[in-house]
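Shown next, in structure tokens, is the structure this report addresses.
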Amino acid sequence: MFATYLSAMHESISRRVALVLLGVALLVSIAFNAFVHVRKLGGGEMIVAIGTQPPMPAAFAVPIVLEAEFQGTDQLWLLLAIFAASPLLTATLDKGWLELTFSKGTARWRIFTGRVLAGLTMYLLLFAVAALPVALRLWWETGVGTWRACVAIAIETLGFSALLSVASLLTLPQRGVALPMIASVAVWLLSPFLANRRETFYRLFSWHVGHEVVDWAYRILPKSFELEASCVAFIQGGKVVSWWPFWSTAVFAICVFGLTLRQLSRKSF
Amino acid sequence: MTANPVIEVRDLHKTYGAPRGRTITALRGVSLRVESGTIFGLIGQNGAGKTTLIKILLGLSFPTTGSASLLGGSPSDAGRRRRVGYLPEQMRLPDYFKATAFLRYMGRLNGLDSSALNDRIPALLERVGLAGVGKQVKAYSKGMQQRLGLAQALLNNPDLLILDEPTDGLDPLGRKEVRDLLMELKAEGKAIFLNSHLLSEVEMVCDQIAILDHGRVARVAKPDDFARGTGEYVVRMAGAGDMARAAVEEVLRREASHGLDWQGTMFRFVPRDLAQLNAVVDQLRRVPVEIEAVEPVRLSLEDFFVQVVAGRES
């Protein structure tokens with residue numbers, strides 16, 4: 001699995017996808033850092049200003065800076081990572097390549113899992129490169145702990161893993177990269193509408209069965225929207241308000257990925 | 001026949017689903033057995049089921065019914081596959097690899113550690129004629145890619161090699177090198193399962209040959225069995241004239257025979273027995289003509305293959 005993982009990372013870098021994305025993340029990080037100004041007042045108090053906003057005490061401003069960064073970029077990273085990771089999955093099943101790899105002495109599920117983990121790592125790296133420099137700088141200059149940014153990245157990665165599992169499953173029945181991408185993005189786009197279904201779907205139709213279907217869709221599908229909200233709430237308060245989006249999204253990701261591996265091991269090529 | 005064949009296939013059927021509820025039957029009760037230390041050739045038309053059979057042997061596809069055993073176990077067992085080398089007919093090598101990185105990855109998938117890879121990769125690149133080629137595989141010619149494919153198939157020092165069109169894209173010298181390599185590997189006790197459209201090559205190197213025709217094994221035999229005599233003889237002469245022709249026809253008129261066919265200074269016929277053949281030769285010696293050769297006509301594997309396929313189609 002590790003050999004496949006390293007090979008997929010090598011592939012991402014060689015195809016320049018990972019390098020381009022990391023470059024974009026670095027630029028975003030540099031730009032964000034340029035907007036954040038830290039100053040020390042005469043009494044020794046640290047103040048932080050974001051752009052032209054009035055400066056605030058560091059203890060108050062640091063979570064706001066991190067929150068702004070996560071809210072401003074998490075959707076971008078998610079979309080870019082889906083576009084970068086999906087080809088990694090479909091390339092596993094390229095004709096002429098799968099015959100070489102799947103005929104070797106490594107189980108199919110290990111080969112595929114290695115590539116999925118590479119996709120997940122890419123997302124993690126993307127987020128880390130974009131968000132951690134400003135978090136580290138604020139901690140260094142103000143002394144205010146910014147470890148919550150690491151937890152927030154982990155929360156976002158959980159949400160991404162669920163979407164990647166959808167892309168994995170849809171890689172198997174066909175060879176194109178479009179369907180895995182579209183499906184995972186669709187699940188992500190659906191998430192806020194399902195979370196606010198009383199204001200959205202319930203108003204579209206009044207029949208009870210329809211509401212039940214929407215409720216079950218909400219229960220089953222990943223809670224990307226709520227995870228993003230939990231991420232921001234954690235940065236602000238350091239607490240998790242509800243574990244429901246966490247464990248239900250994790251269960252979804254595990255079940256869908258498990259189903260993918262089962263289908264993969266039974267598939268005749 | 002040894003107790004443990006490297007490949008054993010029994011009554012293998014494979015049916016694929018196709019659009020609009022149709023089914024395609026690729027294999028219809030294939031049974032065969034490959035012993036260690038032998039080269040087994042598989043030939044057949046396009047669509048005969050050769051690639052399907054190979055995919056089942058490698059655990060890439062699963063049979064509908066019947067059984068396939070690889071090195072005494074299931075092809076699905078990754079541990080067994082570590083002892084197999086495979087060269088697919090159509091390889092798609094990712095562009096970004098260089099030969100060494102590609103072989104390193106292939107070796108890792110077969111459980112080889114760094115020290116084994118460091119030892120084997122340079123030696124193998126040397127053996128297939130790719131030593132010192134530093135460019136990425138996207139710049140490789142078809143022949144170079146085929147050589148690299150052979151190298152990856154040999155990387156794990158396999159007990160069984162499954163080669164699908166190994167000489168595809170190679171020049172005549174490259175083909176000879178591959179043939180020599182196969183004979184070396186056979187001498188080392190390895191079994192080789194060879195699928196090729198080049199029947200002359202199959203005939204040259206294989207100990208046993210199976211003809212697969214529309215999903216069925218039409219014949220399994222040794223090359224000598226395929227290239228058996230047809231009972232027909234060719235007599236070649238220098239400067240044969242009307243006298244020679246008259247002499248031959250005189251003998252053959254006296255005794256019943258078939259298929260006399262004159263072509264310039266040679267003729268073909270099917271003697272009733274050796275005595276009749278000798279009578280014809282004796283008669284020719286009485287006229288002023290020099291006999292250059294008297295040869296039995298043998299079927300080549302290609303002739304036999306065409307007969308099998310044409311026979312089924314008629």
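Letters A, B, ... are given to chains in the order of the sequence lines, protein chains preceding strands, and every chain is numbered from 1.
- Using modelled atom types and a 3.5 Å distance limit, the side chains of E228(A) and W188(A) yield a donor-acceptor pair.
- Between the side chains of S248(A) and K223(A), at least one donor N or O lies within less than 3.5 Å of an accepting N or O.
- Side-chain contact between T146(A) and L136(A): absent, with no pair of heavy atoms (C-beta onward) separated by less than 4.5 Å.
- No hydrogens or angles considered: nothing links the side chains of R115(A) and T4(A) as a donor-acceptor pair under 3.5 Å.
- Chosen from D77(B), N110(B), L58(B), the residue pairing most often with chain A at heavy-atom distances under 4.5 Å is N110(B).
- Ring geometry for F97(B) against Y105(B) counts as parallel: the plane angle stays under 30°, on a 0 to 90° scale with 60° as the upper cut.
- Side-chain N/O atoms of T121(A) and Y5(A) include a donor and acceptor closer than 3.5 Å.
- Taking each heavy atom of S165(A) and A162(A) in turn, the nearest pair found is OG-O, 2.5 Å.
- Using a 4.5 Å cut-off between heavy atoms, T101(A) touches chain B through backbone and side chain atoms alike.
- Ranked by non-hydrogen atom pairs under 4.5 Å with chain A, the options M106(B), R104(B), Q90(B), E89(B) are led by M106(B).
- For R266(A), the part lying near chain B is the backbone, with the side chain staying farther off; criterion is any non-hydrogen pair under 4.5 Å.
- Remark: K104(A) is not positioned above the aromatic ring of F102(A), lacking an NZ or CZ atom under 6.0 angstrom from the ring centre and at most 45 degrees off the axis.
- Taking the charged nitrogens against the carboxylate oxygens, E184(B) and R127(B) do have a contact shorter than 4.0 Å, which makes a salt bridge.
- At a 4.5 Å heavy-atom cutoff, the contact between F62(B) and chain A is made by backbone and side-chain atoms alike.
- Residue contact with chain B, scored on non-hydrogen atoms closer than 4.5 Å, is absent for I13(A).
- Among the residues in residues 130-159 of chain B, those with a non-hydrogen atom closer than 4.5 angstrom to a non-hydrogen atom of chain A are Q152(B).
- Chain B forms more heavy-atom pairs under 4.5 Å with one residue of S103(A), S265(A), A107(A) than with any other, namely S103(A).
- Heavy-atom distances place the backbone of K267(A), and not its side chain, under 4.5 Å from chain B.
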Begin with the C-alpha distance, continue with both residues' side-chain angles, and end with the deciding distance and a verdict on ring pair (Phe, Tyr, Trp, His ring centres under 6.0 Å) for F127(A) and F70(A).
-> CA-CA 9 Å; F127(A) 231 121; F70(A) 273 77; 5.1 Å; yes
